[in-house]
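Below: one structure, written as C-alpha cells.
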Amino acid sequence: MKILAYGVRGDERPYLDDWAARTGDHVHQTHRFLTPDTLSEGADGISCFQTVPYAPAVFAKMQALGIRYLALRNTGYENVDLDAAAHYGIRVSNVPAYSPAAIAEFAVADMLYLLRQTGAVQADLRANDYATAGTHIGRELGACTVGVVGTGRIGRVLIRLLNGFGARVLAYDPHPPAEADLQFTPVDWPTLLAESDILSLHVPGTPANHHLIDAAALAQMRPGALLINTGRPNLIDTRAVMAALDAHTLAGVGIDTYENETSDLLALSNRGHFNDPQWQALLARPNVILSPHIAYYTQTAVRNMVESSLHNLKAFRHGQPCDAELTAALA
Ligand code: NAD
Ligand code: COI
C-alpha cells in the first residue's frame, strides 16, 4: 500500500519508518500540511495530523487523484469538513483514544504544581529571594476533594489516579460510567462546584459546553479552589477566570487548552512569539500553569496515534470494518 503522511513531526518519523519496515507499505513523509497545493498523486491513502482546517478543495482534489481515504492521527476533527469529505466520496477516520493516561497524568501534574505553589517558589528563587521561597506552604492532593467533570475515557483514568492519591473524588456526567472499581461519588453540577477543592474538565467542546466555567459557575466554586482545563479551549471564559484570580476566589489555574489557541501556539516547531496579551498576562502569574495543548504529548501517545491511523487506512483499503470512521453515517 502506498501512503502519504502529511504534517509529520520528527518524533513521529521512527514510528512511520517502523510501520513501513514491518508491513512493506511505502510511506512517503512530509512535514507540510495537507492542502490542495501540497497534495500529490499516486497514493492509496493519506495519514495526516494538522490543527489548521482541511479545506473542501482538498477533498475535491483527492477525488480527482483517486485517493479515497484520509486517516487523522489525532482525536479532534473540528477542523475537518466531514460533509465535504462525504460529498467527494472520501472516507475519514480519527484516533478516538490513543492514550487517555497521557492527559489524565498531565492534569495530575498541573494539580500538584498548583497545590505545592511551585510557580511561586520558582519566581522567588529567580528573584534571589530565598527567604520567601521557603514560605509557600503546600496542600496535599490526598487531602483534597477533586471534582471530575466528564467521566469518559480520560475522566475515568483520572479517577483511578486520584483514588491512588487517596483524594475524595466527586464526578459529574449525564452518562456515568459502569466500572465498579472506580471510587467516586456522582453528584449534580451545583454540588460539584460547591464542594470541589480542585475542578478538572474532561468534556468535549460542544456548543452546549461553551464557557461551562463562566462567572456564574466561578461564583459557586469554593473560595481557594483550583481549576484545570486539559479538555477543550472553549470550556472556560478566560476573562472571568482572570477576574476570579484577581479577587483571590480562585487560588490557581492550569490551562493546557487555551481559549485563543491558534495553529501558531499549537505548532510545536514554532519558535515565534505568541502575540496574545491575555496569554502573556496569564504566563506572568505564579499561580497559573500554562502549556500549549501538549497534555497528549507522550511517546506512548505518539506511537499509538501513528499506528492507529495507519491501521485505519489498511482497514479502509481492504474493506474491513473501521470503528473510527467519522464519515460512516454520512456515506
Ligand atoms: P469521551 O468522549 O470519552 O468523554 C467525554 C465525556 O464527557 C462523556 O462521558 C460525556 O457524557 C461527558 N460530558 C459531555 N458534556 C458534559 C458536561 N457538560 N458535563 C459533564 N459531562 C459531560 O472524551 P475523552 O476521550 O475522555 O476526552 C475528554 C476531552 O479531552 C475531550 O474534549 C477531548 O477532545 C480532550 N482531549 C484533550 C487532549 C489534550 O492534549 N489536551 C487530548 C485528547 C483529548
Ligand atoms: C486531540 O487529539 O484531539 C487533542 O486534543 C490533541 C491534539 C492537538 C493532538
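When a ligand or atom number is given, it counts from 1 through the structure's own listing order. When reading the values below, keep in mind they use all heavy atoms of this one structure, side chains included, and skip hydrogens, waters and symmetry mates.
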Before signing off on this row, confirm whether [X] and ligand 1 have an N or O atom pair separated by under 3.5 Å.
X: Thr257; answer: no
X: Ile154; answer: yes
X: Thr75; answer: no

Please check this pair: side chain of [X] against backbone of [Y], looking for a donor-acceptor N/O pair closer than 3.5 Å.
X: Asp173; Y: Thr151; value: yes
X: Thr249; Y: Ala244; value: yes
X: Asn234; Y: Gly205; value: yes
X: Thr257; Y: Asn229; value: yes
X: Asp25; Y: Lys2; value: no
X: Arg73; Y: Val306; value: no
X: Gln50; Y: Phe33; value: no
X: Asp18; Y: Pro14; value: no
X: Asn94; Y: Thr75; value: yes

Which bit of Glu261 is near ligand 2, meaning a heavy atom under 4.0 Å away: side chain, backbone, both or neither?
->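 Neither part.
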Quick check on [X] - does any of its heavy atoms sit under 4.0 Å from an atom of ligand 2?
X: Arg232; value: yes
X: Tyr98; value: yes
X: Tyr77; value: no

Within the 4.0 Å heavy-atom shell around [X], which atoms of ligand 1 are there?
X: His175; result: 11 (O)
X: Asn209; result: 14 (C), 15 (N), 16 (C), 17 (C), 18 (N)
X: His293; result: 39 (C), 40 (O), 41 (N)
X: Pro174; result: 20 (C), 21 (N), 22 (C)
X: Asp256; result: 39 (C), 40 (O), 41 (N)

Are side-chain heavy atoms of Val58 and Pro36 found at a separation under 4.5 Å?
->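 Touching, per the 4.5 Å side-chain cut-off.
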Decide whether an N or O pair under 3.5 Å exists between Phe49 and ligand 2.
->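 For ligand 2, there is no N or O atom that lies under 3.5 Å from one belonging to Phe49.
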Does the N or O separation between Tyr296 and ligand 2 drop below 3.5 Å for any pair?
->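 In fact, backbone or side chain, Tyr296 has no N or O that close.
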Mark up the atoms of ligand 2 that fall under 4.0 Å of a heavy atom belonging to Gly76, in ascending order.
->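 Matching atoms, with element in brackets: 1 (C), 2 (O), 3 (O).
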Using a strict 4.0 Å cut-off to heavy atoms of Thr75, name the atoms of ligand 2 that fall inside it.
-> 1 (C), 2 (O), 3 (O)
List the closest protein heavy-atom neighbour of [atom]: residue, atom name, distance to the nearest 0.1 Å.
atom: atom 28 (C) of ligand 1; answer: His202 O, 3.4 Å
atom: atom 19 (N) of ligand 1; answer: Tyr172 CE2, 3.3 Å
atom: atom 6 (C) of ligand 1; answer: Asp173 OD2, 3.6 Å
atom: atom 22 (C) of ligand 1; answer: Val203 CG1, 3.2 Å
atom: atom 40 (O) of ligand 1; answer: Tyr296 N, 3.1 Å
atom: atom 4 (O) of ligand 1; answer: Gly152 CA, 3.2 Å
atom: atom 23 (O) of ligand 1; answer: Arg153 NH2, 4.2 Å
atom: atom 35 (C) of ligand 1; answer: Gly231 O, 3.3 Å

Looking at ligand 1, is there an atom of it that comes within less than 4.0 Å of some heavy atom belonging to [X]?
X: Gly76; value: no
X: Pro100; value: no
X: Tyr98; value: yes
X: Pro204; value: yes

Look at atom [atom1] of [X] and say whether more than 12 heavy atoms of other residues, nucleotides or ligands are closer to it than 6.0 Å.
X: Arg68; atom1: CZ; answer: no
X: Glu140; atom1: CD; answer: no
X: Arg116; atom1: CZ; answer: no
X: Gln278; atom1: CD; answer: yes

Using the side chain to side chain contact (heavy atoms under 4.5 Å, CB included) rule, pick out the option among Asn209, Val148, Ile236 that qualifies with Leu201.
->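 Result: among Asn209, Val148, Ile236, Ile236 is the only option passing the side chain to side chain contact (heavy atoms under 4.5 Å, CB included) with Leu201.
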Could you pull out, from His293, Met305, Gln50, the option with a heavy atom nearest to atom 5 (O) of ligand 2?
->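 Nearest heavy atom to atom 5 (O) of ligand 2 lies in His293.
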Report the member of Ile103, Thr230, Ile294 with the shortest heavy-atom distance to atom 37 (C) of ligand 1.
->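 Looking at heavy atoms only, Thr230 sits closest to atom 37 (C) of ligand 1.
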Go through the structure and list residues passing ring-ring contact (aromatic ring centres under 6.0 Å, His included) with Tyr69, not counting sequence neighbours.
-> Phe316
Step by step, would you call Asp246 with Arg285 a salt bridge (Lys or Arg N to Asp or Glu O under 4.0 Å)?
-> CA-CA 10 Å; Asp246 285 339; Arg285 292 175 187 251; 3.0 Å; yes
